[in-house]
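Single-structure report; data block below.
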Amino acid sequence: MSNVKIGESLRRVEDLRFLTGHGRYIDDINLDGQARAVVVRSPYAHATINSIDTSSVADMDGVLLVVTRDDWQREGFKPMPTKSGVKNNKDGTPLSQPDRHALAIDRVRYVGEPVALVVAETLQQAQDAAEALDVDYDELDAVTDPVKALAPGAPQLWDDIPNNLCLDFELGDKDGTEKAFAEADHVVSLDVLNNRVTAVPIEPRGCIASYDASEDKYTLYNASQNVHANRDTFAEVLNIDPAKLDHIAPDVGGGFGAKNSGYPEPPLCLYAAKRLGRPVKWINSRSESFLSDTHGRGQSSRVELALKADGTFMGLRTTTIGGIGAYAWTVGPFTPTGGSARTQGGPYNFPAMYYSGKAVLTNTAPMDPYRGAGRPEATFQTERIVEYAARKLGFDPIELRRKNLMPKEMLPHKTPMGLDVDSGDFPKLFEMTMDMVAKADQAALKAKAEAAGKKYGFAIAPYLECTGGGPKEHAGVTFNKDGSVELAVGTSSTGMGHETSLAQILAAALGIEMGRVKFQQSDTTATPLGGGHGGSRGMEVGGNAVKQAADEIIELAKPIAARLLQSETEEVDFEDGTFKAGASSVSMNDVIEASQDADKLPEGMEPGCLNHSSVFERGIISIPNGVHAAAVAVDTDTGTVEFLGYWVMDDFGTIINPMLADGQVMGGVAQGIGQAFLEDIVYDPDTGQLVTGSLMDYGLPHADEIPNMEIGYYEGEPTKKNPLGVKGAGEAGCVGACPAVVNAVLDALKDDGVTHIDMPLTPQKVWKAIRDKGAHDPKALLGDAA
Amino acid sequence: MEEFTYTRPATADDATGAHSAAEDAMYMAGGQTLIPVLKQGLAMPTDVVDLNRVGDLAGIQVTGDAVTIGAMTRHAVVAASAEVKGAIPALTVLAGGIGDAQVRNRGTMGGSLANNDPSADYPSAVLGLGATVTTNQREIPADEFFDGMFATNLEDGELIKSVTYPIPEKAGYAKFPNPASRYALVGVFVAKTAGGVRVAVTGAGQDGVFRPAEVEAALSADFSAAALDGVTVPADDLMTDMHAAADYRAHLIVVMAKRAVNQANGQG
Ligand SMILES: Cc1cc2nc3c(=O)[nH]c(=O)nc-3n(C[C@H](O)[C@H](O)[C@H](O)COP(=O)(O)OP(=O)(O)OC[C@H]3O[C@@H](n4cnc5c(N)ncnc54)[C@H](O)[C@@H]3O)c2cc1C
């Protein structure tokens, strides 16, 4: 029998390593003879590159190589591919995808864009040379706001992409929605900003590339959350066979999407390593990370809700203009289009919905998925308009939600956005959350806030989201003679605990001791395929791959057990780590041991015959859902917000390890709170310079700003879309948090006439909204552009 | 970072000597500002004179009417000092609210004052209490020490040795932190001293720390938060940045002044 079960809050086995400073991150790795690389980045948001004079640094101390656009063009290296899930405009024409080279070729289009790579003996020498490199630019007009970038007369980023429009997308029933709006008793409309943010993983990006000429093979250590896809991207760029590139991500210190993409620096370093015949190491600084990591969110939307007189929802229409930065990055165009369309309307019963979204190029850093990628935006859009409508029309916001949730009997249901909602019980989760809240005694919380001279606010935000990311995952299990069991999975933990949870699934399924399992991830040699980390897919796809491999191993083991039990394979049953045939039984441990011993194996089976790999493929994406609720106290003298309570009920299907799921929820909520109150990527609209280029100006939440959370799980409706019944837990926290906390603040300010404040709700903005008695233009963002 | 010569003298005289012997030297206290500035190449001294081994620069002395704190005394030491708390509790409140634990364990009073960041906390205590800054050359009264953003009247090579704070009848400090950096977006130090009421504002002024006349006048008449009802501070000379416009800062000055007065009066 195993010492662990599914559903048990097992402590993280990786924590001893991490907490005692024994993690092995990119900067901990040093290879013999390595040189150091520094990227020369564009100081301009938009400029023509006239010339790059490498002779200005060639003679500097320690300088080994300067890679420029000339090398890139001479070598015939390819642009980096874009793999957006939506490829066509609504008129059927393909999206406009500019070439995205690792180095700017003719023009730079955002501050921080790589222009050259300088390699020197030491970091200091490389930095000095990077600073000295003479690049001659002619500055051009820049545009950083996607709404302005679409307007006539805006600076054009690409000669062949009119109006900077990369992708023009729609989904849903346009005419049916129009009809619903025409027939509605009430129509409410509000422009909603989803502020642009960046992930700020605690470990910046970095890589070490090396090249072995004798075998014509490359090795790349890279802080990546997606080694297989990135390997293919880099191989494509450099015109090499992917099999010749071993891509390894050691311990990775946070990703949240920002380490998902194929970035320019790794192929530059791979090329430099080959040219120099030496390993080349590059580590991004924190300042450069702000400029060059992908950013997320950044959507301006008009959200319109049609209701009957009694509050019944009739239709939802959302029009979004989303910035994607200067290039269509790895999957960038998808987020403001298909990514934000899918879960529009949340868990509510909407007979009609229509979404249109434009992905727009701007002179800013590239944008790609950030934790949730579209689902937080969709939930925020939906929940803001519901709250706003309740205020405008005089409905109780809690009752209005309660009234419109899809009843359980409606499921399975395909939403007007085409989302397959197979399982769940939204009203039940709503009431379970309200019960949790009731225990906290709202009247007492309100009294507490008022005693301190503050205003009390409460809001509840049901959410519904979906998983995503690569649909296939590989799990390989190898039984070693020393008793250890290697588990190699193609998912990628950037700190969330796969070493524990995936091992837990294997140990529980096979009925072996957890301590025997050695986990291996993020190595393209150890794992032939893998979808990495993204879209809350770790348990949903990776966990199921492990479960499938374990189930198949049990079947493979049955003939061995039958021989040990002197029975027939068909007679053998397996349960709790034990094979049984009639009254006799043998443990999985004994069967594993026998599998290494030719004498104990049935005819035709060889030692090592239990070693097995399996590929699990997800059919349809799962639907995590739940409810967040927040209670706040607003200091109207200063505009600061304090939390008095935070409650979450989640339906993630089966919970593998509740403690790890809690960690995901808490971290997600913290990121949501960060976005709602502090985080904001701000570019100077005239120069395109990044204003929030350091942690002195880009606010991240501190631990003391995050409330204690009461978290519950409802496991009564596991999904049938996968054998484990899991729905994905990784992103839900930041899907539910923004609407819950923003609506709670607006509830507190309802008597001040304040009905809307765009995120982030900084103290200054909250104070100003109160001072101005809520004066606000509901068409402030899109004007007539919608 | 450019190369420089590093020295680590044991006495204050050796430190000033090393400074004057060098072409273009800078002192290093906790390095909390200096190191990032060097890394970014914003300063390129030929020499860095490390003060961390200069023993006689750190320490706290409380006499009947004053608290004297050595320039190399860390913020954490001031924050935790029972003696300081007994004499001027507002000073421990202030020190305990600077940055985070790491910053407080390295950062020093002398470094903070020499740097005179317009958002730093200590300048408001020095000005608000009418403290005296003692250097290797002279004694500088608070009203003459600060000279606009990131500027003081220290001469090149002049070393801050200690700061002497007269013990007030009562004092309070209220800080509204910048949501990102947690420096003072607005910090107000109020003190009722033998020589009258003094108020100093940090974080808000375009020229760094200053004394708001309107607030001082109101509190001189009546040292209570209620006395500040209806008082406004002009926004003209206040900073505007992405975190706070001048009008918000002007508003916060009065709000924080009230809180500081309440603290001084033992009311919150
Ligand atoms: C993350 C962070 C957060 C912070 N938050 C706050 C905050 O909330 N509030 C706040 O007030 N401050 C804050 N600070 C500033 C910090 O508290 C230090 O006071 C400040 O950085 C000075 O650091 P230091 O004492 O290490 O001096 P150093 O950095 O070593 O020196 C600073 C300057 O002072 C000069 N100098 C140092 N000592 C002397 C001396 N005895 N005589 C003459 N010149 C001298 C140096 O030459 C240098 O120019 C923060 C700093 C950081 C890094």
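Since this is a predicted model, take the numbers as computed values, not measurements. Chain letters run A, B, ... following the sequence lines, proteins first and then strands; every chain starts at 1.
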Which region of A:Thr638, side chain (C-beta onward) or backbone (N, CA, C, O), has a non-hydrogen atom less than 4.5 Å from a non-hydrogen atom of chain B, or is it both or neither? both

Heavy-atom contact with chain A under 4.5 Å, split by part of B:Arg249: neither

Any side-chain donor-acceptor pair under 3.5 Å between A:Glu679 and A:Asn195? no

For the pair B:Tyr248 and B:His243, evaluate ring-ring contact (aromatic ring centres under 6.0 Å, His included) and give the outcome as yes or no after the intermediate values. CA-CA 10 Å; B:Tyr248 181 48; B:His243 302 286; over 10 Å; no

At a heavy-atom distance under 4.5 Å, which candidate from B:Gln40, B:Arg182, B:Met242 has the highest pair count against chain A? B:Arg182

Quick check on the interface: out of A:His702, A:Lys768, A:Lys765, who has the most heavy-atom pairs with chain B under 4.5 Å? A:His702

Would you say B:Asn116 and B:Phe150 make side-chain contact, with heavy atoms under 4.5 Å? no

Under a 4.5 Å cut-off applied to non-hydrogen side-chain atoms, are A:Pro760 and A:Phe677 in contact? no

By a 4.5 Å heavy-atom criterion (distance strictly below it), what part of A:Thr640 contacts chain B: side chain, backbone, both, or neither? side chain

Toward chain B, the part of A:Leu695 with a non-hydrogen atom under 4.5 Å: backbone

Contact class of B:Asp247 relative to chain A, heavy atoms under 4.5 angstrom: both

Applying the salt bridge (Lys or Arg N to Asp or Glu O under 4.0 Å) criterion to A:Lys455, which one of A:Asp637, A:Asp635, A:Asp752 satisfies it? A:Asp752

Is a donor from one side chain sitting under 3.5 angstrom from an acceptor on the other, for A:Tyr698 and A:Asp680? no

